Amino acid sequence: FMKLDGEETLDARRWLYEWNAFGKHVLPALNNSATSWPVFINAMKLAVALTMPCKVNSLVGSAVNDGIRACKQAFIANPQTAAVIMNWASEPLELTGKSRKEEHNMVLELIIHFFANMVRPTVTLDRVSDPIWKTEHRDKVIEVLEDTSVIEVMLWLASSLDE
């Protein structure tokens, strides 16, 4: 449904936020995906889509950004999710050159986009000029990423891109 979601209304995305799909379904799917590659991939696709930033130029954008903030709160409340995600990242990270398939690259891209979305600022229309609201949850998200070694792995990944 999200693929067909109109850019002006983002109805499917807003419904998923209203239903708390990220906290009730996506995070549990990620946390219980230890043996199921398809579950992990599909849950990561949803996680990235639900945390993708939206321009705050309308009430729709404000509602979406409120939903993203709720996703961040749910992620902070479930720090084990970062460890599960990094466990799935370990296999593709161990592969080099031609042994790494397109599917491995896709997983790494999803993971990088998800963590980038988690530290990106989200704002609401009534708080656009207030810098406190722009960085709300960022410190707590960074603490979760630090505690689960995500930051170190991302730095290592970035330094090995030239190899």
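Keep in mind it's a predicted model, so treat the numbers as computed, not measured. Any value given below was found using the heavy atoms of this structure, including those in side chains, with hydrogens, waters and symmetry copies removed.
Side-chain contact check for L16 versus H25: every heavy-atom pair is 4.5 Å or farther apart. Residues V64 and R13 form a side-chain contact, since some pair of their non-hydrogen atoms from C-beta on lies under 4.5 Å apart. Side-chain atoms of E103 and W37, non-hydrogen and from C-beta on, do get closer than 4.5 Å to each other. Residues F114 and M44 have side chains in contact (heavy-atom distance under 4.5 Å, counting atoms from C-beta outward).
Of the possible donor and acceptor atoms, none in the side chain of H113 sits under 3.5 Å from a partner among the backbone N and O of L110. The backbone N or O of A47 sits less than 3.5 Å from a side-chain atom of T51, completing a donor-acceptor pair. Put simply, the side chain of S36 never gets that close to the backbone of S33: no donor and acceptor are under 3.5 Å apart. In this structure, Y17 contributes its side chain and N65 its backbone to no donor-acceptor pair below 3.5 Å. A donor-acceptor contact shorter than 3.5 Å links the side chain of R100 to the backbone of P92.
Atom SG of residue C71 and atom CG of residue N20 lie 8.0 Å apart, to the nearest 0.5 angstrom. Separation of atoms CE (M118) and CD1 (I68) is listed at 9.5 Å; rounding is to 0.5 Å. The CZ atom of F40 lies 6.0 Å from the CD1 atom of I85; values are rounded to the nearest 0.5 Å. The distance from the OG atom of S99 to the CD atom of E94 is 10.5 Å, given to the nearest 0.5 Å. Note that CD1 of I112 is 12.0 Å distant from CG of N117, once rounded to the nearest 0.5 Å. One distance of note links OG of S90 with CG of L95; it measures 9.5 Å at 0.5 Å rounding.
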side-chain contact (heavy atoms from CB on, under 4.5 Å) assessment of L30 paired with Q80: CA-CA 10 Å; L30 286 170; Q80 71 277 11; over 6 Å; no
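Tracing side-chain contacts under 4.5 Å through hydrophobic residues (I, L, V, M, F, W, Y), one reaches L93 starting from M106; they form part of the same cluster. F75 and V39 are members of different hydrophobic clusters when ILVMFWY side chains are connected at heavy-atom separations under 4.5 Å.
A pairwise comparison of heavy atoms in P28 and G23 identifies CD-O, 3.4 Å as the closest pair.
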